[in-house]
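Each remark here refers to the structure printed beneath this line.
Small disclaimer: the values here were computed from a predicted structure and weren't measured. When reading the values below, keep in mind they use all heavy atoms of this one structure, side chains included, and skip hydrogens, waters and symmetry mates. Numbers restart at 1 for each chain; the letters A, B, ... are given by sequence-line order, proteins then strands.
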Amino acid sequence: MGEKELRKSMAVFPIGTVIRLTGLTARQIRYYEEQELVFPKRSEGNRRLFSLNDVDRLLDIHDFLKDRFTMADIRQYYALEKEKQQRKEQEMTDRQVRRLFQDELLSESGLSNPTVNSHNLR
DNA sequence: CTTCTGACA
DNA sequence: TGTCAGCA
């Protein structure tokens, strides 16, 4: 995760700030969480802490609801989104594994190390 | 003063 | 979804 995504995922806003940022009511925000559409973190005092991503998601949820989608519809939508991103993450790790494997083969065959290379080439 | 959970005249 | 109660 890049530092940019990291900042967007930092849970730091109390519900009051989110209310001003989204125009939604506390009731709506808490209800969306109750329906497992958003998962804000909690402070030590059990206060909800939202991230910028949470704010975006709340707005998206509200739009979906406005377009008459059900809570279940929205939950499934995010479930699919999660699977897609997990596939991408898996592909990335696969690439990393392949790269490491290739590096090992190149290293063992002495074709990647310039120092050893110039030596073996006599 | 702000937020939280639970409940419903 | 609004709103009020009683806490923390």
* Structure fact -> Correct closest heavy-atom pair for A:Gln35 and A:Arg75 would be O-NE, 3.0 Å

* Asked: Side chains of A:Glu81 and A:Lys84: closer than 4.5 Å at any heavy-atom pair?
  -> yes

* Asked: Are the charged groups of A:Arg57 and A:Asp54 less than 4.0 angstrom apart, N to O?
  -> no

* **A:Ile29 CD1 to C:dT1 C1', straight-line distance once rounded to whole Å** => 13 Å

* To do: Nearest whole angstrom, please: distance from the C1' of B:dT3 to the CZ of A:Arg20.
  => 12 Å

* Asked: Side chains of A:Gln96 and A:Thr93: donor-acceptor distance under 3.5 Å anywhere?
  -> no

* **Closest contact, heavy atoms only, A:Glu36 versus A:Phe39** => O-CZ, 3.2 Å

* **Stem list, DNA chain B (Watson-Crick or G-U pairing under 3.5 Å, at least 3 consecutive pairs)** => B:4-8 with C:2-6

* Under 4.0 Å from any atom of DNA chain C, heavy atoms only: list the residues of residues 30-65 of chain A that qualify, in numerical order. => A:Tyr32, A:Arg47

* A:Glu91 backbone acceptor or donor facing A:Asp94 side chain under 3.5 Å -> no

* Nearest whole angstrom, please: distance from the P of B:dT2 to the CD1 of A:Ile19. => 10 Å

* Sort and list the pairs that fulfil side-chain hydrogen bond (donor to acceptor under 3.5 Å, both in side chains) and have at least one residue in residues 2-12 of chain A, not counting sequence neighbours. => none

* Determine whether A:Leu65 and A:Met71 make a side-chain contact, defined as any pair of heavy atoms from C-beta on separated by less than 4.5 Å. => yes

